[in-house]
Amino acid sequence: MENNSADERTFALYEELQARDARVRVVVWEPPEQGAFNYSAIVNRGVRAAKGTYVVLLNNDTEVIEPAWLEELLGCLMRPEVGVVGAKLLFRDGLIQHVGMVANPNGDNCHVYQNLTRDALGAGGQAAMPGDYSMVTGACQMVRRSLFEELGGYDEELAVGFNDTDFCLRVREAGLAVTVAAHAVLYPREFSTRGREVTDARGIA
């Protein structure tokens with residue numbers, strides 16, 4: 001999904017990738033006004049353009065560490081009771097950034113096991129094995145296309161933040177589990193392609 005890129009090298013890479021592999025398609029998201037950004041709208045547009053039974057929502061600032069990451073995500077999604085699967089994300093120093101989230105009493109989201117080492121087990125081995133949580137970050141999510149469409153996709157009123165966790169909570173309301181594939185490991189380079197946003201359209205800080 002192309003949105004608001006300016007560097008000519010980006011467009012040269014698009015051409016190279018599409019020439020190399022016919023499965024690669026670049027879809028341009030047209031913002032309603034110049035420079036506008038709506039992550040939910042971009043994701044929804046991408047899913048509509050996708051052709052697969054399963055879709056991976058993946059930030060453009062992620063770097064794969066574990067080569068079998070897709071197989072790990074898909075393996076978890078093969079459980080019929082699972083609706084969406086996320087990955088383990090590591091800070092650049094190798095400590096855990098994300099291996100699932102839960103809601104906390106402040107009405108916010110809490111990353112469990114954050115800042116433990118990559119191979120730390122956590123309570124009962126939860127940080128090292130696939131497990132179910134309240135939410136997983138949209139930096140890397142795999143979901144059945146049919147379920148994504150059934151639930152109406154990402155809420156476009158949540159243009160920047162909380163759209164991923166809102167989707168996960170709706171998956172849970174539908175009676176399905178939200179799971180982390182702890183052996184699918186990536187680095188997130190958070191805010192490296194876009195600056196940090198302070199509030200969302202609904203005024204959530």
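All heavy atoms count here, side chains included; hydrogens, waters and symmetry mates do not. Remember, it's a predicted structure, so these values are computed and weren't measured experimentally.
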So that I know where these two stand, are Y187 and F91 an aromatic pair - ring centroids less than 6.0 Å apart? no
I'd like to know if V64 and L57 are part of one continuous hydrophobic network [Ile/Leu/Val/Met/Phe/Trp/Tyr, side-chain heavy atoms within less than 4.5 Å]. no
Side chains of D155 and S40: donor-acceptor distance under 3.5 Å anywhere? no
Only pairs at least two apart or in different chains count here, so list each salt bridge (Lys or Arg N to Asp or Glu O under 4.0 Å) that has a residue in residues 32-52. none
Kindly indicate, with the supporting measurements, whether the criterion side-chain contact (heavy atoms from CB on, under 4.5 Å) is fulfilled by N59 and Q141. CA-CA 10 Å; N59 280 8; Q141 289 181 350; over 6 Å; no
Carefully, step by step, assess L90 and L95 under the rule side-chain contact (heavy atoms from CB on, under 4.5 Å). CA-CA 6 Å; L90 302 180; L95 299 183; over 6 Å; no
Closest heavy-atom pair and its distance - L116, G122: CD1-CA, 4.4 Å
With heavy-atom distances below 4.5 Å as the criterion, would you say the side chains of Q97 and P188 are in contact? yes
Check step by step if side-chain contact (heavy atoms from CB on, under 4.5 Å) holds for V185 and W69. CA-CA 6 Å; V185 189; W69 67 289; over 6 Å; no
Distance, nearest 0.5 Å, that separates OG1 of T10 from CG of D7: 4.5 Å
Does a side-chain heavy-atom distance below 4.5 Å link L186 with H98? no
Out of V84, V55, L176, which residue meets the side chain to side chain contact (heavy atoms under 4.5 Å, CB included) rule with L147? L176
If hydrophobic clusters are built from ILVMFWY residues whose side chains come within less than 4.5 Å, do V160 and I42 share one? yes
On a heavy-atom basis, the closest approach of A127 and A182 is O-CB, 4.1 Å
Taken to the nearest 0.5 Å, the spacing of M142 CE from L77 CG works out to 6.5 Å
For the hydrophobic clusters of this structure (ILVMFWY residues joined by side-chain heavy atoms under 4.5 Å, transitively), does one cluster hold both W29 and V27? yes
Shortest non-hydrogen contact from V85 to V136? C-CG2, 4.2 Å
For K88 and A128, indicate whether the former's side chain and the latter's backbone hold a donor-acceptor pair under 3.5 Å. no
Please collect all side chain to side chain donor-acceptor pair (under 3.5 Å) contacts where either partner lies in residues 110-121, sequence neighbours excluded, each pair once. Y113-Q126
Through direct or indirect side-chain contacts below 4.5 angstrom among Ile, Leu, Val, Met, Phe, Trp and Tyr, which residues connect to M135? M101, L169
Would you say the side chains of E2 and S5 form a donor-acceptor pair under 3.5 Å? yes
To the nearest 0.5 Å, how far apart are CG in D21 and CD in E16? 12.0 Å
Restricting to non-hydrogen atoms, name the atom on V171 and the atom on A177 that form the minimum distance, rounded to 0.1 Å. CG1-O, 4.1 Å
Quick one: are L73 and C140 in side-chain contact, heavy atoms under 4.5 Å? yes
Given side chains that start at C-beta, do those of E71 and H183 come closer than 4.5 Å, heavy atoms only? no
Those residues at least two apart in sequence (or on a different chain) that pass ring-ring contact (aromatic ring centres under 6.0 Å, His included) with Y39 are none
Can you tell which of N44, N163, N38 makes a side chain to side chain donor-acceptor pair (under 3.5 Å) with E156? N44
Taking transitive links into account, so neighbours of neighbours count too, which hydrophobic residues share a cluster with Y14 at under 4.5 Å side-chain distance? F11, V26
Distance from Q34 atom CD to N4 atom CG, nearest 0.5 Å? 7.0 Å
With a cut-off of 6.0 Å (strictly less than), are more than 12 heavy atoms of other residues, nucleotides or ligands near CZ of R23? no
Please give the remaining members of the hydrophobic cluster of L17, linking ILVMFWY side chains under 4.5 Å, ordered by chain and number. L13, V24
So, do F37 and N3 sit near enough that their side-chain heavy atoms are less than 4.5 Å apart? yes
Can V178 be reached from V99 by stepping across I, L, V, M, F, W or Y side chains whose heavy atoms are under 4.5 Å apart? yes
Any chance you could lay out the salt bridge (Lys or Arg N to Asp or Glu O under 4.0 Å) test for E149 and R144, step after step, and finish with the verdict? CA-CA 9 Å; E149 293 172 343; R144 294 178 187 85; over 6 Å; no
With a 4.5 Å limit on heavy-atom distance, are the side chains of E72 and P130 in contact? no
Find out if a path of hydrophobic residues (ILVMFWY) with successive side-chain heavy-atom gaps under 4.5 Å connects L58 to M1. no
Below 4.5 Å, heavy atoms only, C-beta onward: do Y54 and V143 meet side chain to side chain? no
Can you see which heavy atom on A36 is nearest to which on P31, and at what distance? O-CB, 3.7 Å
Any side-chain heavy atom of D164 sitting closer than 4.5 Å to one from Y154? yes
